[in-house]
Amino acid sequence: MTKATIEAPSQAATQSAFRSSSIFNELGMKQDPDNLYLQTIDAVLTAAEILELPHHVKIILAQPKNEIMVHFPVMMNDGKYHLFKGYRVQHNNALGPYKGGIRFHHDVSLDDVKALALLMTMKCSLARVPFGGGKGGVKCDPRSLDNDELMRVSRRFITAISRHIGPDIDIPAPDVGTNAQIMAWFADTYQGMAGSSSRNDALGVVTGKPVDMGGSLGREKATGQGVVDVVSEILPSMGLPLKGLKVSVQGFGNVGSWSGRLIEELGAKVVAVMDHTGAIRNDEGLNTEVLAMHVAETGGVAGFGASHGATQTGKHTQEGAQAISIEDFYRTPVDLLIPAALEQMITPENADWIDAKVIAEGANAPTTPAGERRLLERGIEILPAILCNAGGVTVSYFEWVQNKTSTYWDVEKVDADLNRHMVMAARRTQLAKQRYEVDLRTAAYIAALEQIGKVYAMRGIFP
Ligand code: NAD
């Protein structure tokens with residue numbers, strides 16, 4: 001076989017992996033079908049094509065406005081210096097300041113952060129909150145850092161990107177591996193660098209702060225609350241009432257544990273949970289409140305059956321559970337699966353194992369394109385991430401408004417306003433699905449792009 005005949009088929013196969021390959025070629029982007037950013041932009045551009053958005057809007061959205069990469073040294077407890085790599089990607093600010101979480105994880109990469117920043121642009125638009133999209137990350141394993149090291153990494157990172165962020169420019173928030181304490185360190189560091197006259201305003205530079213330090217009531221549970229608001233709006237119309245609904249949850253951190261706890265309060269049963277430490281099952285329904293305490297104490301769901309409620313008769317009480325394999329987690333029969341861990345976890349292989357009627361994506365991009373095709377072929381409905389997990393950024397918006405006005409809302413107001421945003425986003429998505437006869441993910445992108453397209457038409461392009 002000649003070299004030419006070897007190369008020709010592989011090039012054709014790569015090109016056919018994307019529907020928007022002509023824009024990728026125009027912008028000189030490589031065409032790797034396993035690249036999360038390219039997968040995400042391809043899905044968004046497909047929706048833009050259906051909506052007949054102008055070409056210039058498509059090429060603007062195909063690349064982030066700014067990609068910031070920093071390296072910064074931190075002294076570790078052993079007295080040695082370690083050099084960390086961090087990113088902040090600012091995808092689009094046509095609708096308002098860039099907005100999106102900062103992740104601390106050993107696998108953070110620029111292209112993944114670009115994909116997540118693009119998803120934030122789409123999410124803010126779908127939820128009609130006046131923000132654009134951004135995302136950031138530091139390549140580190142937060143579990144291997146002690147509290148002081150974590151604080152020094154947090155403060156040095158925010159210092160390194162401080163010229164690029166601000167309450168009216170770019171507003172970070174928590175994501176995987178970060179929490180309210182880290183947001184407090186971010187805000188304190190940024191405020192310390194602001195002049196005394198702007199110190200009060202500077203508090204709004206991040207959201208997801210502790211309530212005692214300018215955070216919003218209801219923010220910690222907001223993403224899980226939003227997942228449950230969307231599920232409550234859509235599932236009953238599919239003949240799936242929440243009372244008695246069987247649910248499995250993948251990932252039991254902020255999003256997974258709150259989704260589980262809040263859906264249980266509405267009468268559903270969480271029968272299986274999986275995280276990075278293992279998987280557990282109880283067909284009578286796990287006690288998610290007690291499970292959350294176990295995870296806070298031990299760092300994961302593993303060992304839950306052993307330490308909580310395993311009875312001497314061999315049966316487990318509601319607090320107990322049996323350990324199961326990862327494959328058995330996916331094979332557990334449920335009405336609803338909530339992926340709330342990391343990206344790209346649902347692949348064609350485990351898509352075949354999944355025994356669920358509906359998937360509500362709490363995590364960002366948990367489903368690979370090939371995994372998604374398999375699920376849709378099998379008739380499993382997917383409620384997409386930009387709809388399901390928009391609750392976090394919506395309550396972040398409420399926090400930002402509260403910081404700007406120095407007035408603080410009660411949790412009833414936060415929950416009611418969040419529910420209104422989530423229900424409206426769900427209806428916009430369902431309407432686009434009917435109107436354009438597309439799957440729900442494409443419909444959510446269309447509903448988001450309608451707003452962005454309108455704003456670009458009004459703003460025009462300067463000069
Ligand atoms: P988190 O760090 O609190 O929890 C992550 C969970 O994923 C943990 O339970 C961890 O054990 C689990 N996990 C990690 N690796 C795993 C693996 N290989 N297999 C199984 N489980 C694994 O993070 P979070 O804030 O809950 O975020 C989860 C997802 O939701 C992410 O995709 C994030 O971008 C998205 N999200 C979060 C928010 C928010 O407000 N926190 C908002 C919108 C979207």
Side-chain angles (χ1 to χ4, degrees), residues 40 43-53 95 119-129 222-243 245 247 255 259 262-263 266 268 334-340 346 356-367 369 372-373 375-395 397 415-455:
T40 313
V44 170
L45 290 176
T46 301
E49 190 67 37
I50 294 168
L51 201 54
E52 298 180 358
L53 279 191
L95 301 183
L119 287 172
M120 285 305 298
T121 300
M122 294 296 119
K123 196 181 302 180
C124 293
S125 181
L126 177 64
R128 300 296 192 263
V129 295
T223 309
Q225 180 74 63
V227 171
V228 174
D229 285 354
V230 168
V231 163
S232 307
E233 173 67 17
I234 294 181
L235 262 59
S237 65
M238 296 168 67
L240 295 169
L242 263 62
K243 192 151 179 52
L245 195 82
V247 182
V255 181
S259 301
L262 294 167
I263 205 161
L266 298 180
V334 289
D335 301 299
L336 175 69
L337 163 64
I338 304 176
I346 300 179
K357 299 186 178 83
V358 180
I359 294 181
E361 294 182 335
N364 285 309
T367 315
E372 172 165 12
R373 280 193 292 278
L375 292 171
L376 294 177
E377 277 161 21
R378 295 187 52 220
I380 299 172
E381 189 71 272
I382 305 169
L383 312 184
I386 66 156
L387 170 61
C388 289
N389 70 25
V393 74
T394 302
V395 177
Y397 163 52
D415 285 350
D417 283 15
L418 170 62
N419 182 263
R420 195 166 44 79
H421 275 268
M422 298 309 295
V423 167
M424 291 308 291
R427 292 187 185 161
R428 269 177 216 119
T429 304
Q430 287 175 304
L431 214 62
K433 177 181 158 85
Q434 283 162 13
R435 195 155 157 213
Y436 294 96
E437 298 180 349
V438 291
D439 60 80
L440 276 171
R441 189 181 314 280
T442 310
Y445 289 145
I446 288 175
L449 288 167
E450 275 172 339
Q451 176 76 357
I452 293 172
K454 261 192 239 163
V455 170

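Worth knowing before you read on, the calculation uses all heavy atoms, side chains too, and leaves out hydrogens, waters and symmetry mates.
The nearest pair of heavy atoms linking Ala365 to Leu119 is CB-CD1, 4.2 Å. Leu126 approaches Ala425 most closely through the heavy-atom pair O-CB, 3.8 Å. Considering all non-hydrogen atoms of both residues, Thr394 and Ala127 come closest at OG1-CB, 3.9 Å. Counting all heavy atoms, side chain and backbone alike, Val255 lies closest to Ala340 at CG1-CB, 4.0 Å. Contact record, Gly226 with Leu418: N-CD2, 4.3 Å, taken as the closest heavy-atom pair. Closest heavy-atom contact between Ala363 and Ala385: O-CB, 3.3 Å.
At most 12 heavy atoms of other shown residues, nucleotides or ligands fall within 6.0 angstrom of atom CD in Glu437.
Expressed to the nearest 0.5 Å, how far CG of Asp439 lies from CZ of Arg373 amounts to 11.5 Å. In this structure, the separation between CE on Met122 and CG on Leu387 is 14.5 Å, given to the nearest 0.5 Å. The distance from the CD1 atom of Ile359 to the CD1 atom of Ile346 is 4.5 Å, given to the nearest 0.5 Å. Note that the OG1 atom of Thr46 and the CG atom of Leu51 stand 12.5 Å from one another [nearest 0.5 Å].
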Original post:
How far apart are the C-alpha atoms of Leu266 and Ser232, what are their side-chain angles, what is the distance that settles it, and do they pass the side-chain contact (heavy atoms from CB on, under 4.5 Å) test?
Top reply: CA-CA 9 Å; Leu266 298 180; Ser232 307; 3.7 Å; yes
**OP:** Please report the C-alpha distance between Leu240 and Leu336 in whole Å, then the side-chain angles of each, then the deciding distance to 0.1 Å, and finally whether the side-chain contact (heavy atoms from CB on, under 4.5 Å) criterion is met.
**Re:** CA-CA 9 Å; Leu240 295 169; Leu336 175 69; over 6 Å; no
**OP:** Give the intermediate values and the outcome of side-chain contact (heavy atoms from CB on, under 4.5 Å) for residues Lys123 and Asn364.
**Re:** CA-CA 10 Å; Lys123 196 181 302 180; Asn364 285 309; 3.0 Å; yes
Subject >> Test log, rule side-chain contact (heavy atoms from CB on, under 4.5 Å), inputs Ile338 and Val231 >> reply: CA-CA 10 Å; Ile338 304 176; Val231 163; 5.6 Å; no
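You'll find the side chain of Asn419 stays beyond 4.5 Å of the side chain of Gln225, heavy atoms only. Side chains of Leu383 and Leu440 form a contact here, defined as non-hydrogen atoms less than 4.5 Å apart.
Applying the side chain to side chain contact (heavy atoms under 4.5 Å, CB included) test to Met238 and every residue at least two apart in sequence or in another chain returns Ile234, Leu235, Val358, Glu381. The side chain to side chain contact (heavy atoms under 4.5 Å, CB included) test applied to Asp417 returns Phe398, Trp409, Lys413, Arg420, not counting sequence neighbours. For Ser125, the side chain to side chain donor-acceptor pair (under 3.5 Å) test picks out no residue, with sequence neighbours left out. Under the side chain to side chain donor-acceptor pair (under 3.5 Å) criterion, Lys357 pairs with Asp335, sequence neighbours left out. Judged as a salt bridge (Lys or Arg N to Asp or Glu O under 4.0 Å), and not counting sequence neighbours, the contacts of Arg435 are Glu450. Residues that satisfy the salt bridge (Lys or Arg N to Asp or Glu O under 4.0 Å) test with Arg427, not counting sequence neighbours, are Glu233. Evaluation of the side chain to side chain donor-acceptor pair (under 3.5 Å) rule for Gln434 yields no partner, not counting sequence neighbours. Residues passing the side chain to side chain contact (heavy atoms under 4.5 Å, CB included) test with Ala443 are Thr429, Ala432, Lys433, Val438, sequence neighbours excluded. Residues forming a side chain to side chain donor-acceptor pair (under 3.5 Å) with Thr367 (at least two apart in sequence, or on another chain): Glu361. Contacts of Glu52 classified as salt bridge (Lys or Arg N to Asp or Glu O under 4.0 Å), with partners at least two apart in sequence or in another chain: none. Residues forming a side chain to side chain contact (heavy atoms under 4.5 Å, CB included) with Ala47 (at least two apart in sequence, or on another chain): Thr442, Tyr445, Ile446, Leu449.
Side-chain atoms of Arg441 never come within 3.5 Å of backbone atoms of Ile382 as a donor-acceptor pair (strictly under, hydrogens ignored).
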